[in-house]
> 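So that we are looking at the same thing, I have put the structure below in C-alpha cells.
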Amino acid sequence: MNLLRRFFAPIVGIVGFLVAWEAFVRIFDVRRYVLLAPSRILTELFATPGFYWDNTLITAGHMLLGLAISLVLSILVGAALASSRFSEEAAQPILVLFLVTPWVAYFGSIKVWLGFGIAPIIFLAAFTAFPVLTFGVVGGMRSADPSARELLASVDARPWEVFWFLRLPAALPSIFTTARFALGIGLAATYFSEGRSNRTTGLGAIGSRVDLQPLTAAEVLWTTVFCTAALGIVVLIAISALERFALKWHASQR
Amino acid sequence: MAEPGETITLLGPSGCGKTTLLRMIAGLESTDVGTISIDGARPEVARATKRVGFVPQSPALLPWRSVRSNASLLLDINRGASPTAPSASVDDLLAEVSLTDFADAYPHELSGGMQQRVGLARAFALDAPLLLMDEPFAALDEITRAEMRHLLGRLTAPLGTTVVFVTHSIAEAAFLSDRVVVMSARPGRVVEQIPIDLDHPRHPDIENTAAFFEITARLRTSLQAGSP
C-alpha cells in the first residue's frame, strides 16, 4: 500500500497538472507564445525525438560538469571555512554576494573572459551553485558531534582524518538537501548561458534561437522548456535515490 | 599520582573541575600550573602515541559506522601509532561486552547502555596503558548503570590497566576504585583521598555487604564536608 502510494501519488499529481494545463489553454484560448498546451508540446517532441534527446544530453552534460566542479570546490572551501569561525564569518558576505548578484547581467563579461567554447557555460553553472552548496557543507560539517571530535583529538587525529572520518560524513545529509537547490539554480544557469553562448546545441541554445524557425517557434521554445524540466526531475530522482542509499544511517531516511 | 594498574576515581559535585582535570590528563586542555606526566611522557606525547584510551560522557558513536567499525574507529585513526599486536581483537572485545550479535548493527538500533558498551570496547581496543573515563554512565538509568559498572570492573580487572574515572556516583566510585579522590566545587580543590580496601576481583554482591555500606557512608560524609 505504502509502495503503491509512493509511486502512484506523484504520477497522479503530474497527470492532473497536465490535464489542468491543457484545459486552461483550451478553455481560455491562450495564445501559443504565452503558453503552449502540453498536447502540442508532446506532438512536437515526438515529431523529432532524436533532436530533443541529443540536445537534452548536451545540456545534462554541461549542467552535471558544472555541478560536479562546484561540489568539489564547495567541499574543499567549506571544510576550510568550517574549521575556523573567523574565516567563515569573513566568507559569509562574499558567498551571499555571489548568490544575489544578477548573473544574467554579467554573463557577457564572463564570455569575454573565458572565450566562446563551453567554458563560460560550465563556469556559470558551477558559480551559481557554489554558494548554496558551500552553505550546506559548512552547516553540515559544523553539526559534527563535538564529543566525537574530542574522541578523535584524544588519539591525535590529523586534520584530514577529522575531515574524512567525521566532518564529511556528518555533512552528507545537509549536502544532499542543498544539492536539490543547487540543481535548480545550476540548471537555470545552464539553460540561460547556453542561449547566450555562441554554441548552437543544448536546450538553451535551441530555445533562444527559435526565431530561426518562425513557423514552429512557440512549439520549439516550449518543448525545450519541457525537456529542461524533465531533465531536472530525472536528476532530482537520482539525487533522492543516491541519498536513500548513502544515508541509510540517518534519521531522515528511516 | 596513580600506580600502574590502579583505578582512581575523581568524585565530586558538578563544577569541581574533575572533567577539566581529566581533559588535562588526556592532553585536550593545557595546564596553567603544575605538570602531568604519563609514564614519564607529557600528555601531548601520550596522546600522539595513542597511549590514552578516552571514554567520553556521551557514547559519541558515528551513526554511519556499524558497531564493529565504531569499535575499531580509534585503531583506524593515526594508524602509525596503533598497537601492532593488540591483546584482544575487536570481535573479542565485542563478545566481552555481549554485543557479538549486534556487530553489524548501526548505533541507532542500540539502547543507551549498549551504545556505551561499544564506547568501552572502542577504548579497550587501543590496548592503552591508561584509560580516562568522563562520567561514561551518567546518562543511563540506574539499573543499566549498575550493570555497566560491574561490566567495567570485570573488564579492567585482568588487564592491569590504569584507570582514571570521573563520576558523581558514590556507588560507582566505591565499586570500581582502589582510591577515591573527593573534590569540592567553588573553588575546585581536593578534599581528601580515600583508599578503598575491598578485595579484587569484586563481585557485584559486595555492594550488599556491610563493608561496602561503610565505604559509601564515608564517601558521602567526605562529599558533604567539601560542600559549602
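Labels below follow one simple rule: chain letters A, B, ... track the order of the sequence lines, proteins then strands, and each chain is numbered from 1.
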> Using side chain to side chain contact (heavy atoms under 4.5 Å, CB included), reason through B/Leu61 and A/Asp145 one step at a time and then give a plain yes or no.
CA-CA 9 Å; B/Leu61 302 182; A/Asp145 183 359; over 6 Å; no
> Who wins among A/Ser154, A/Ala144, A/Ser147, A/Ala148 for the most heavy-atom pairs under 4.5 Å with chain B?
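Between A/Ser154, A/Ala144, A/Ser147, A/Ala148, the count favours A/Ser154.
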> Surrounding CZ of A/Phe17 (heavy atoms of other residues, nucleotides or ligands, distance under 6.0 Å), is the total greater than 12?
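No.
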> Where do A/Glu161 and B/Arg79 come nearest, in terms of heavy atoms and distance?
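Between these two residues, the closest heavy atoms are OE2-N, 4.4 Å.
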> Is atom CH2 of A/Trp164 surrounded by more than 12 heavy atoms (other residues, nucleotides or ligands) closer than 6.0 Å?
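Not more than 12 within 6.0 Å, no.
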> What distance do B/Arg51 atom CZ and A/Asp156 atom CG have between them, rounded to the nearest 0.5 Å?
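Going from CZ on B/Arg51 over to CG on A/Asp156, the span is 12.5 Å.
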> On a heavy-atom basis, which atom in B/Trp64 and which in A/Phe165 lie closest, and how many Å separate them?
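What the structure gives for the nearest pair is CZ2-O, 3.3 Å.
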> With a 4.5 angstrom heavy-atom cut-off, could you sort out which part of A/Leu247 is near chain B: side chain, backbone, both or neither?
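Neither part.
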> If you count heavy-atom pairs within less than 4.5 Å of chain A, which of B/Glu109, B/Gln57, B/Lys50 leads?
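Highest number of pairs under 4.5 Å: B/Lys50.
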> In terms of heavy-atom proximity below 4.5 Å to chain A, should B/Pro63 be classed as side chain, backbone, both, or neither?
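Answer is both: backbone and side chain atoms of B/Pro63 are under 4.5 Å from chain A.
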> Looking at CG of A/Leu151 and CD1 of B/Ile77, how far apart are the two atoms once the value is rounded to the nearest 0.5 Å?
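Output value for this atom pair is 7.5 Å.
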> Look at atom CZ of A/Phe107 and say whether more than 12 heavy atoms of other residues, nucleotides or ligands are closer to it than 6.0 Å.
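More than 12 within 6.0 Å, yes.
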> Answer yes or no: does atom CZ of A/Arg142 have more than 12 heavy-atom neighbours from other residues, nucleotides or ligands under 6.0 Å?
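Enclosed.
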> Pick one of side chain, backbone, both or neither for A/Glu150, based on which atoms fall under 4.5 Å of a heavy atom in chain B.
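Both backbone and side chain.
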> Check each atom of A/Ala170 against the heavy atoms of chain B and say whether the ones under 4.5 Å are side chain, backbone, both or neither.
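When you check distances to chain B, atoms from both the backbone and side chain of A/Ala170 fall under 4.5 Å.
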> Quick check against the 3.5 Å criterion: does A/Arg158 have a side-chain atom that pairs as donor or acceptor with the backbone of B/Asn78?
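Such a contact is absent between A/Arg158 side chain and B/Asn78 backbone.
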> Could you tell me which of B/Ala48, B/Gly27, B/Pro56 has the largest number of non-hydrogen atom pairs under 4.5 Å with chain A?
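Top count of heavy-atom pairs under 4.5 Å with chain A: B/Ala48.
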> So what's closer than 4.5 Å to chain A heavy atoms on B/Arg122: side chain, backbone, both or neither?
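Only the side chain of B/Arg122 comes within 4.5 Å of chain A.
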> Who among A/Ala157, A/Pro169, A/Ala153 has the most heavy-atom pairs with chain B under 4.5 Å?
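With the most close heavy-atom pairs to chain B, the winner is A/Pro169.
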> Taking side chain as everything from C-beta outward and backbone as N, CA, C, O, which of these in B/Leu62 sits under 4.5 Å from a heavy atom of chain A? Side chain, backbone, both or neither.
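The answer is the side chain of B/Leu62.
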> If you count heavy-atom pairs within less than 4.5 Å of chain A, which of B/Thr49, B/Asp76, B/Leu132 leads?
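Most heavy-atom pairs within the cutoff with chain A belong to B/Asp76.
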